[in-house]
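Each chain gets a letter, A, B and so on, in the order its sequence line appears, and its residues count up from 1. None of these values were measured; they are calculated from a predicted model.
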2 protein chains.
Amino acid sequence: MGTTQLETVPEPKYWHLKTVLSEALDSEFSVGEILPNERELAARFGVARATLRQALEQLELEGRLQRRRGVGTTVAPPRVGVDVGTEQHAWPGAAGDAWQPVDCVQDVPPASVADVLGTGRDEPVHTVRRSRVSHGQPVAAELLYIPASSVPDLSAIDAPSGPARARAVLRELQRLELDGQERAVELGSARADDAKELDRLPGAPVLVVTTRFTAGDGIAALSVATYRADTCRLTFGDSAGVEIHHGPERQAS
Amino acid sequence: MGTTQLETVPEPKYWHLKTVLSEALDSEFSVGEILPNERELAARFGVARATLRQALEQLELEGRLQRRRGVGTTVAPPRVGVDVGTEQHAWPGAAGDAWQPVDCVQDVPPASVADVLGTGRDEPVHTVRRSRVSHGQPVAAELLYIPASSVPDLSAIDAPSGPARARAVLRELQRLELDGQERAVELGSARADDAKELDRLPGAPVLVVTTRFTAGDGIAALSVATYRADTCRLTFGDSAGVEIHHGPERQAS
DNA sequence: TAGTGGTCTAGACCACATC
DNA sequence: ATGTGGTCTAGACCACTAT
């Protein structure tokens, strides 16, 4: 017959569910409001719980929902813009940066890090842990790898670890002349330690921002920062306040 | 009793599985190699298929695996660095940019886009579709929204749509003086049309790069580009060639 | 047509937060 | 103790690719 092939595309249930839920979030729910629990939602839509969860997972990935074990599923606020500026010509730890030193140890880094730094795979480097908070919520966890050669004069510091040592190492780093920095962003999943710091479960999606700080002949420091992908929008430049969002958004009363 | 709380943390099976598989990928598989199918892998590890899939999903998210329906699961090559440069002081469509015009129509944009552009929610704008290819693979799909006021002199173009019109609109855009651009990166899931262009299933994780091009008093154009999150590492500056990776990597024979 | 990954079901139990 | 989301199972069927 001459009929044109009609839409033989059976849209997956979870995909359709996601659309329906998304529209409901725009029109019937406010930020912070708690949704019915998964068992009830599944029953209400006439699907298995696993199918419902597939839709919720996507909505959480898109930053529309927030799920917490033992608590429930809530409507997430719009993603917060986090500046990861393009050309702050400053070392990590410079006055006014957004990070807070947590700890510092001397340790052998992962092989991939050692390769980038150009240090030996068995050579320990200063490893500084920092965390970044925005609007009262932890948004990122960072590991900063600094070869011993970048901060040669650490004789005055006796603390073997802790935030005090972290601050001392960062202070020493400022003495070097910074040539430039190169950034890359990719998707990853949170390691157990980062997940804990970000108040998420291990494996949660994160945006991994890798920054190589160059000075003189090589890499003087390497930062690997993991941002919560569900709550963060990384901004470059001064567009931190802008909102690219989906629809109406009200505030819970 | 005085015993210290011993590790009562039962690691989820899929998490452990992921670790085991990840190590196997490093040591026993080459890039491009096909893994045993899911049913066999599940049987081999003594878990349900759904559990195995949870591990595979994470590994795919991290860019370690590539799964294609009807074909199988293969070991993915390292992510390709894609430059989304910080300060190309040029309009989209300028000579030598990485994008290829696909189509152009005049259409009413999503409300969120209209709000950013400052156009009315019912006002149609030029909507240019472009695609970006790297190493023979499609890596990104873009929608470029250009208010009619940004390209006033389109009288010479009679084609109502198609790549020819796209090129014409972009050419007109070059006449404006570009003041600056502001970028943001966030996680999203591919819409059906983008998914098709990226050769993925709808809902696949993507990195959404939003760029506002400013000229004079306001936003002269808005680009929303979706990059495959599994295969791409977005680079800023000249670090496109660098590899931050996990372990040994061999080539399939 | 055979084999792959993708979707879906109807259960069960577990870890966690809260009361 | 209760209720939430997180994990896991053992099936079934579907959509797609290749032969």
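- A heavy atom closer than 4.0 Å to some atom of DNA chain D occurs in A:Leu201, these being the qualifying members of residues 192-205 of chain A.
- Residues meeting the side chain to side chain donor-acceptor pair (under 3.5 Å) test with B:Thr127, sequence neighbours left out: none.
- A:Asp230 pairs by the side chain to side chain contact (heavy atoms under 4.5 Å, CB included) definition with A:Arg200, A:Arg228, not counting sequence neighbours.
- Pairs passing the salt bridge (Lys or Arg N to Asp or Glu O under 4.0 Å) check and including a residue from residues 46-56 of chain B, sequence neighbours excluded, read B:Glu38-B:Arg49, B:Glu38-B:Arg53, B:Arg53-B:Glu57.
- Listed by chain and number, the residues in a side chain to side chain donor-acceptor pair (under 3.5 Å) with B:Gln100 amount to none (sequence neighbours excluded).
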Extract from the structure each pairing of a protein N or O with an N or O of nucleotides 17-19 of chain D at less than 3.5 Å, listing the distance.
none

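- Using a 4.0 Å cut-off, no side-chain N or O of B:Thr73 falls inside it from OP1 or OP2 of C:dT4.
- In this structure B:Pro163 satisfies the side chain to side chain contact (heavy atoms under 4.5 Å, CB included) test together with B:Arg167, sequence neighbours excluded.
- A search for side chain to side chain contact (heavy atoms under 4.5 Å, CB included) contacts involving A:Arg191 returns A:Arg129, A:Leu143, A:Asp193, A:Asp194, not counting sequence neighbours.
- With distances taken from any side-chain atom of A:Glu38 to the nucleotides C:dT4, C:dG6, D:dG6, the minimum falls on D:dG6.
- Contacts between residues 12-20 of chain B and DNA chain C, counted as heavy-atom distances below 4.0 Å, involve no residue at all.
- Sorted by residue number, the members of residues 51-59 of chain A with any non-hydrogen atom under 4.0 Å from DNA chain C read A:Thr51, A:Gln54.
- Residue A:Arg39 places a side-chain atom within donor-acceptor reach of the base of D:dG5, judged by atom type and a 3.5 Å distance cut-off alone.
- Residues satisfying the side chain to side chain contact (heavy atoms under 4.5 Å, CB included) test with B:Thr19, not counting sequence neighbours, are B:Glu23.
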What side-chain donor-acceptor pairs closer than 3.5 Å can you find for residues 134-142 of chain B, not counting sequence neighbours?
residue  : atom : partner  : partner atom : Å
B:Glu142 : OE1  : B:Arg130 : NE           : 2.5
B:Glu142 : OE1  : B:Arg130 : NH2          : 3.1
B:Glu142 : OE2  : B:Arg130 : NH2          : 3.3
B:Glu142 : OE2  : B:Ser223 : OG           : 2.6

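- The closest donor-acceptor contact from the side chain of B:Glu60 to the backbone of B:Arg67 lies under 3.5 Å.
- Between the side chain of B:Glu40 and the main chain of B:Asn37, no donor-acceptor pair closer than 3.5 Å is present.
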